[in-house]
2 protein chains.
Amino acid sequence: MTQNTPDFYQVKEKMYVATDCIIFGLHQGKLKLLVFKRKVEPLSGEWSLIGSFVRLDEDLEVAGQRVLHEATGLENVFMQQLKSYGKKDRDPGYRCISVAQYALIRIDDYNEQVVEEHGAKWFEIDDLPALILDHDLMVQDALRQLRQNARYQPIGFELLPEKFTIPQLQLLYEAIYQKELDPRNFRKKVFSFNVLEKLDEKDKSTSKRGAFLYKFNYENYQKLLKSGYNFEIA
Amino acid sequence: MTQNTPDFYQVKEKMYVATDCIIFGLHQGKLKLLVFKRKVEPLSGEWSLIGSFVRLDEDLEVAGQRVLHEATGLENVFMQQLKSYGKKDRDPGYRCISVAQYALIRIDDYNEQVVEEHGAKWFEIDDLPALILDHDLMVQDALRQLRQNARYQPIGFELLPEKFTIPQLQLLYEAIYQKELDPRNFRKKVFSFNVLEKLDEKDKSTSKRGAFLYKFNYENYQKLLKSGYNFEIA
DNA sequence: TCAAAAGTGTTGCATGTACACCCATGG
DNA sequence: CCATGGGTGTACATGCAACACTTTTGA
């Protein structure tokens, strides 16, 4: 922070800084959000995002990863800062600003038990319960940002297991953009980026014929980035 | 913020919350940034963004507008939150997170005296001095976001006077994207949005023939938004 | 053998890009 | 009358959208 204003303007007052996590996951081809039943007063029993105060000796990003780890048992999750919410009366108790961060997790990796211990539940994004405080707003903003970012970054892959099929990938983008896509055009597009590596295995869990598995090639993606790219899918 | 984690995790510690403003303006067809000579220790005399602590009874956005007003005398400036910077050691004095906000101002509107009182100076964006702390990073992030947002929102107009010519508008976009544009294609594009209103006046300050003045039509822009738009210029 | 999902090409249309000349005017 | 910046149209290339049938195989 900066102090260029005259000294008499420098009213220094500390406040609480929290971070709240908007956790997206993919389940049965649907985009879902993980919400928690709040256990402490005020507003105990209401649905909310998971969050925590940021500690004095903790980077913001570290705080986000800590919250996510405590809630899900996962580490090194893809996470991106959304924005901060700082209306003066947003928290009824005391002045507190919250830095919202959104996370994309692979539900397969997921320790289901930890979820239940926290009274957490996955909701489809078009069927969410009301959340406390300004958390509804955070979710709306996060969705918009997710859709925006998915246009220019391959973040969709963060939601899928390491090996995935093209139909799976297509379902994911259909879930993100709530829009049906043409399988021929979709394949043409994703293959044109040259960031998918075809494997010799097939996934037969959803059809008799089976669909080839692919994995994401990060090196090619780096090249693509440098040569001025447009990763627009959908 | 949220408290779903067990109580023993709830280490509540307050910290300072600041806001720093990345102020862009347009001058002689160049995109510029307003930076300030810091007047207080530590780092007195160094270049920095302008900022202030957020007060307990003040919304984040209000704090941003206050900082901008104190620094420039302007009110109701276009301002948008960028993101928060919260490395634990980003400020050498004490733990402090900063919410960066960027502003677009019309230099014409501008009270030049107030700038000088603050030891402020406009720099071209590709010729900036080193700034204190993480302010360089903030500027880079703000530039990226400005370019990104200018693609889908008509924020370019915020930098121009109410009445402007097409060549002025083109220069602005060339400054934002650091790229020359073809005047024929540029006109075709901006007119296709139907958000410019041609006036009967001409601006003769840059040529003998003079260029017609236009103004931005906010109603048509609202219609454009609703009908699913793509405001991509450049 | 058949149901169910995987996989594949072509064409028309729209949009972006490249490009060069005339216009209006003040000095 | 000429130098300066303002203003205009066309042809080509590229990318996107629409569209239907064949393949594989487990039950």
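Keep in mind that the numbers below use all heavy atoms, side chains included, and drop hydrogens, waters and symmetry copies. Quick note on labels: first sequence line is chain A, next is B, and so on, each numbered from 1.
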Pairing residues for A/R147 by the salt bridge (charged side-chain N to carboxylate O under 4.0 Å, His left out) criterion, not counting sequence neighbours:
none

Taking side-chain contact (heavy atoms from CB on, under 4.5 Å) as the definition, give me every residue that meets it alongside B/K30, ordered by chain and number, with sequence neighbours left out.
B/K32, B/E124

Residue set satisfying side-chain contact (heavy atoms from CB on, under 4.5 Å) with A/F123, at least two apart, ordered chain then number -> A/V35, A/W47, A/K121, A/L128, A/P129

Table of protein N/O atoms under 3.5 Å from nucleotides 8-15 of chain C N/O atoms:
from	atom 1	to	atom 2	distance (Å)
C/dT10	O4	A/K188	NZ	2.9

The criterion is side chain to side chain donor-acceptor pair (under 3.5 Å); which residues satisfy it with [X], sequence neighbours excluded?
X: B/S205; value: B/D203
X: B/Q178; value: none
X: A/Y214; value: none
X: A/E197; value: A/N217

Evaluate the side-chain proximity of B/L160 to B/L169: yes if any heavy-atom separation is below 4.5 Å, no if none is.
yes

Please report, rounded to the nearest Å, how far the [atom2] atom of [N] is from the [atom1] atom of [X].
X: B/Q170; N: D/dT8; atom1: CD; atom2: C1'; value: 13 Å
X: A/Y177; N: D/dA17; atom1: OH; atom2: P; value: 13 Å
X: A/D203; N: D/dT24; atom1: CG; atom2: P; value: 18 Å
X: A/E180; N: D/dA17; atom1: CD; atom2: P; value: 15 Å

For nucleotides 23-27 of chain C, tabulate all protein N/O to nucleotide N/O atom pairs closer than 3.5 Å, reporting atom names and distance.
from	atom 1	to	atom 2	distance (Å)
C/dC23	O2	B/R209	NH1	2.5
C/dA24	O4'	B/R209	NE	3.4
C/dT25	O3'	B/K208	O	3.4
C/dG26	OP1	B/K204	NZ	3.2

